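The structure appears right after this line, and notes come after that.
Not measured: the values here are computed from a predicted model.
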Amino acid sequence: MKKLFVILLLVLVPLAGAAAQGKAKALPRQQITTLVGDFSRTNGFEVVRVGRLTMGLVKTIVRKAVQESGDEDTAAVLSLISGIRSVSVVDFEDAAPEARERFSRRLDRMLDGVDLLMEAKDDGEDMRLFGVVDEAGDKISDFIVWSPSECKLICLYGSMSMRRLSRFLQN
(Lines give C-alpha, C1' and ligand atoms only; values in the text may rest on other atoms or scores of the structure.)
Protein backbone atom coordinates (compact mmCIF):
# COMPACT_ATOMS: atom_id res chain seq x y z
CA MET A 1 0.00 0.00 0.00
CA LYS A 2 2.84 2.37 0.85
CA LYS A 3 4.39 1.63 -2.54
CA LEU A 4 1.14 2.67 -4.23
CA PHE A 5 1.16 5.98 -2.35
CA VAL A 6 4.77 6.64 -3.39
CA ILE A 7 3.84 6.09 -7.01
CA LEU A 8 0.77 8.29 -6.61
CA LEU A 9 2.85 11.02 -5.01
CA LEU A 10 5.38 10.99 -7.81
CA VAL A 11 2.55 11.65 -10.21
CA LEU A 12 0.75 14.03 -7.83
CA VAL A 13 3.59 16.50 -7.25
CA PRO A 14 3.83 17.69 -10.88
CA LEU A 15 0.04 17.86 -11.06
CA ALA A 16 -0.07 19.94 -7.90
CA GLY A 17 1.82 22.74 -9.60
CA ALA A 18 -0.60 22.68 -12.51
CA ALA A 19 -3.59 22.63 -10.19
CA ALA A 20 -2.22 25.58 -8.24
CA GLN A 21 -2.23 27.69 -11.42
CA GLY A 22 -6.02 27.91 -11.60
CA LYS A 23 -8.60 28.99 -9.07
CA ALA A 24 -9.44 25.93 -7.01
CA LYS A 25 -12.94 25.31 -5.73
CA ALA A 26 -12.86 24.58 -2.02
CA LEU A 27 -13.97 21.17 -0.92
CA PRO A 28 -17.50 21.17 0.51
CA ARG A 29 -16.18 20.06 3.91
CA GLN A 30 -19.41 20.72 5.82
CA GLN A 31 -21.54 18.89 3.25
CA ILE A 32 -19.23 15.87 3.29
CA THR A 33 -19.20 15.85 7.10
CA THR A 34 -23.00 15.93 7.10
CA LEU A 35 -23.15 13.12 4.54
CA VAL A 36 -20.79 10.97 6.61
CA GLY A 37 -22.89 11.68 9.72
CA ASP A 38 -26.12 10.79 7.90
CA PHE A 39 -24.73 7.40 6.86
CA SER A 40 -22.85 6.64 10.09
CA ARG A 41 -25.95 4.95 11.51
CA THR A 42 -26.60 2.91 8.35
CA ASN A 43 -25.95 -0.83 8.52
CA GLY A 44 -22.64 -1.76 6.92
CA PHE A 45 -21.12 1.72 7.26
CA GLU A 46 -18.09 1.91 9.51
CA VAL A 47 -17.19 5.50 10.31
CA VAL A 48 -14.27 6.79 12.33
CA ARG A 49 -14.09 10.52 12.97
CA VAL A 50 -11.28 12.24 14.78
CA GLY A 51 -12.09 15.87 15.59
CA ARG A 52 -9.92 18.81 16.58
CA LEU A 53 -9.79 17.94 20.26
CA THR A 54 -8.86 14.30 19.67
CA MET A 55 -6.35 15.30 16.96
CA GLY A 56 -4.75 17.65 19.46
CA LEU A 57 -4.51 14.80 21.94
CA VAL A 58 -3.02 12.48 19.29
CA LYS A 59 -0.41 15.11 18.38
CA THR A 60 0.47 15.58 22.06
CA ILE A 61 0.91 11.82 22.52
CA VAL A 62 3.04 11.53 19.39
CA ARG A 63 5.11 14.57 20.41
CA LYS A 64 5.73 12.98 23.83
CA ALA A 65 6.74 9.69 22.17
CA VAL A 66 9.21 11.55 19.94
CA GLN A 67 10.75 13.30 22.96
CA GLU A 68 11.11 10.04 24.87
CA SER A 69 12.33 7.79 22.07
CA GLY A 70 13.84 10.12 19.51
CA ASP A 71 12.41 7.79 16.83
CA GLU A 72 12.78 9.39 13.39
CA ASP A 73 9.72 7.63 11.91
CA THR A 74 7.50 8.91 14.73
CA ALA A 75 8.98 12.41 14.29
CA ALA A 76 8.18 12.20 10.57
CA VAL A 77 4.57 11.26 11.34
CA LEU A 78 4.29 14.20 13.75
CA SER A 79 5.75 16.55 11.16
CA LEU A 80 3.29 15.26 8.58
CA ILE A 81 0.15 15.52 10.75
CA SER A 82 1.01 18.83 12.39
CA GLY A 83 -1.36 20.75 10.11
CA ILE A 84 -4.19 18.17 10.11
CA ARG A 85 -7.15 19.30 12.20
CA SER A 86 -9.56 16.42 11.72
CA VAL A 87 -9.89 13.07 9.99
CA SER A 88 -12.87 11.06 8.76
CA VAL A 89 -12.65 7.51 7.47
CA VAL A 90 -15.63 5.67 5.97
CA ASP A 91 -15.65 2.01 4.96
CA PHE A 92 -18.97 0.81 3.55
CA GLU A 93 -18.26 -2.31 1.52
CA ASP A 94 -20.54 -4.35 3.81
CA ALA A 95 -23.50 -2.02 3.26
CA ALA A 96 -26.51 -2.85 1.12
CA PRO A 97 -25.98 -2.07 -2.59
CA GLU A 98 -28.71 0.61 -2.54
CA ALA A 99 -27.03 2.41 0.39
CA ARG A 100 -23.61 2.18 -1.28
CA GLU A 101 -24.99 3.64 -4.50
CA ARG A 102 -26.86 6.42 -2.68
CA PHE A 103 -23.75 7.43 -0.68
CA SER A 104 -21.51 7.30 -3.78
CA ARG A 105 -23.95 9.30 -5.90
CA ARG A 106 -24.31 12.03 -3.25
CA LEU A 107 -20.55 12.24 -2.68
CA ASP A 108 -19.81 12.38 -6.41
CA ARG A 109 -22.23 15.31 -6.74
CA MET A 110 -20.48 17.13 -3.90
CA LEU A 111 -17.06 16.57 -5.44
CA ASP A 112 -18.18 17.66 -8.90
CA GLY A 113 -16.19 20.76 -9.79
CA VAL A 114 -13.56 20.23 -7.09
CA ASP A 115 -10.02 19.87 -8.41
CA LEU A 116 -9.33 16.22 -9.10
CA LEU A 117 -5.61 15.93 -8.44
CA MET A 118 -5.33 12.40 -9.71
CA GLU A 119 -7.35 9.36 -10.67
CA ALA A 120 -5.89 5.86 -10.77
CA LYS A 121 -7.59 2.77 -12.19
CA ASP A 122 -6.29 -0.77 -11.95
CA ASP A 123 -8.11 -4.08 -12.44
CA GLY A 124 -11.57 -2.61 -11.90
CA GLU A 125 -10.50 -0.62 -8.84
CA ASP A 126 -10.35 3.14 -8.92
CA MET A 127 -9.05 5.81 -6.60
CA ARG A 128 -9.55 9.55 -6.85
CA LEU A 129 -7.50 12.13 -5.02
CA PHE A 130 -8.99 15.55 -4.35
CA GLY A 131 -7.53 18.53 -2.57
CA VAL A 132 -6.71 22.17 -2.74
CA VAL A 133 -3.08 22.98 -3.53
CA ASP A 134 -1.68 26.39 -2.61
CA GLU A 135 -0.33 28.69 -5.31
CA ALA A 136 3.28 27.68 -4.72
CA GLY A 137 2.42 23.98 -4.81
CA ASP A 138 3.97 23.50 -1.35
CA LYS A 139 0.88 22.60 0.66
CA ILE A 140 -2.20 20.56 0.05
CA SER A 141 -5.34 21.30 2.06
CA ASP A 142 -8.41 19.22 2.72
CA PHE A 143 -7.06 16.09 1.08
CA ILE A 144 -9.61 13.42 0.14
CA VAL A 145 -8.99 9.88 -1.05
CA TRP A 146 -12.17 8.44 -2.59
CA SER A 147 -12.38 4.88 -3.86
CA PRO A 148 -15.94 4.06 -4.97
CA SER A 149 -14.96 0.57 -6.13
CA GLU A 150 -13.45 -0.26 -2.72
CA CYS A 151 -16.21 1.63 -0.87
CA LYS A 152 -13.73 3.75 1.07
CA LEU A 153 -13.45 7.45 1.80
CA ILE A 154 -10.63 9.13 3.71
CA CYS A 155 -10.82 12.84 4.49
CA LEU A 156 -7.87 14.71 5.99
CA TYR A 157 -8.97 18.24 6.86
CA GLY A 158 -6.23 20.78 7.40
CA SER A 159 -3.00 21.07 5.47
CA MET A 160 0.07 18.97 4.75
CA SER A 161 3.43 19.88 3.34
CA MET A 162 3.98 18.24 -0.04
CA ARG A 163 7.71 18.02 0.72
CA ARG A 164 7.12 16.27 4.07
CA LEU A 165 4.57 13.92 2.52
CA SER A 166 7.02 12.99 -0.21
CA ARG A 167 9.80 12.40 2.31
CA PHE A 168 7.52 10.29 4.52
CA LEU A 169 6.32 8.09 1.67
CA GLN A 170 9.82 7.49 0.34
CA ASN A 171 11.04 6.01 3.65
Side-chain angles (χ1 to χ4, degrees), residues 1-37 47-63 66 72-90 103-122 125-150 152-171:
M1 186 63 136
K2 193 172 179 181
K3 188 176 182 180
L4 174 64
F5 279 115
V6 170
I7 293 168
L8 293 175
L9 183 69
L10 292 174
V11 174
L12 182 62
V13 171
L15 293 176
Q21 309 266 327
K23 185 77 172 163
K25 175 186 170 188
L27 284 163
R29 184 185 320 174
Q30 187 58 47
Q31 289 178 311
I32 294 171
T33 301
T34 300
L35 176 69
V36 169
V47 177
V48 176
R49 289 195 266 188
V50 179
R52 287 178 186 247
L53 183 62
T54 307
M55 258 331 266
L57 181 61
V58 167
K59 290 175 191 176
T60 300
I61 292 169
V62 172
R63 192 174 297 112
V66 168
E72 290 182 24
D73 289 338
T74 308
V77 169
L78 178 62
S79 173
L80 188 62
I81 67 169
S82 64
I84 301 298
R85 293 185 306 271
S86 64
V87 176
S88 293
V89 179
V90 181
F103 181 87
S104 296
R105 197 171 41 251
R106 286 179 60 188
L107 183 61
D108 283 339
R109 268 185 274 158
M110 289 175 194
L111 293 173
D112 188 36
V114 174
D115 281 341
L116 175 64
L117 299 177
M118 194 178 109
E119 183 171 16
K121 294 184 180 192
D122 184 37
E125 297 176 3
D126 63 335
M127 182 186 317
R128 301 176 197 152
L129 306 176
F130 295 89
V132 179
V133 180
D134 71 351
E135 289 183 22
D138 296 335
K139 288 192 183 270
I140 185 166
S141 302
D142 298 341
F143 187 65
I144 292 183
V145 179
W146 168 224
S147 178
S149 61
E150 300 246 337
K152 294 188 183 3
L153 171 68
I154 302 169
C155 303
L156 302 172
Y157 296 125
S159 63
M160 288 185 294
S161 164
M162 293 291 280
R163 185 173 31 90
R164 289 178 185 161
L165 180 61
S166 173
R167 217 176 306 136
F168 177 77
L169 292 174
Q170 289 176 350
N171 291 333

_With a 4.5 Å cut-off on side-chain heavy atoms, are V114 and P28 touching?_
yes
*Atom CZ in R85, atom CG in D142: separation rounded to 0.5 Å?*
6.5 Å
*Heavy-atom distance under 4.5 Å between the side chains of L153 and V36, does that happen here?*
yes
*Heavy-atom distance under 4.5 Å between the side chains of R163 and D138, does that happen here?*
no
_I need the M127 CE to I154 CD1 distance, nearest 0.5 Å._
8.0 Å
*Would you call F130 and L116 a side-chain contact if the rule is heavy atoms closer than 4.5 Å?*
yes
*asked:* For Q30, is there any backbone N or O sitting under 3.5 Å from a side-chain donor or acceptor partner on T34?
replied: yes
*Any side-chain heavy atom of V62 sitting closer than 4.5 Å to one from V58?*
yes
_Audit row: L117, V133, side chain to side chain contact (heavy atoms under 4.5 Å, CB included) steps and yes/no_ = CA-CA 9 Å; L117 299 177; V133 180; 3.9 Å; yes
*Considering non-hydrogen atoms only, spot the tightest contact between L27 and V132 and give its length.*
N-CG2, 4.3 Å
*Give a yes or no answer on whether the side chain of D134 reaches the backbone of I140 with a donor-acceptor pair at less than 3.5 Å.*
no
*What are the two closest non-hydrogen atoms of K59 and L78, and how far apart are they?*
O-CD1, 3.8 Å
_Using 0.5 Å steps for rounding, measure from the CG atom of L80 to the CE atom of M160._
6.0 Å
*Min side-chain heavy-atom separation D108-R128 under 4.5 Å*: yes
*Heavy atoms only: give me the nearest C155-I32 pair and the separation to one decimal.*
SG-CG2, 4.0 Å
*Between D126 and S147, which heavy-atom pair has the shortest distance, and what is it?*
O-OG, 2.7 Å
*Where is the tightest heavy-atom contact between S141 and S159, given as atom of each residue plus distance?*
OG-CB, 3.7 Å
_Between T33 (side chain only) and R29 (backbone N and O only), is there a donor and an acceptor less than 3.5 Å apart?_
yes
*From D112 atom CG to L107 atom CG, the distance as rounded to the nearest 0.5 Å*: 11.0 Å
_To the nearest 0.5 Å, what is the distance between OG on S149 and CD on E125?_
5.5 Å
*Taking all non-hydrogen atoms of both residues into account, name the closest pair between W146 and K152 and its distance.*
CE3-O, 3.2 Å
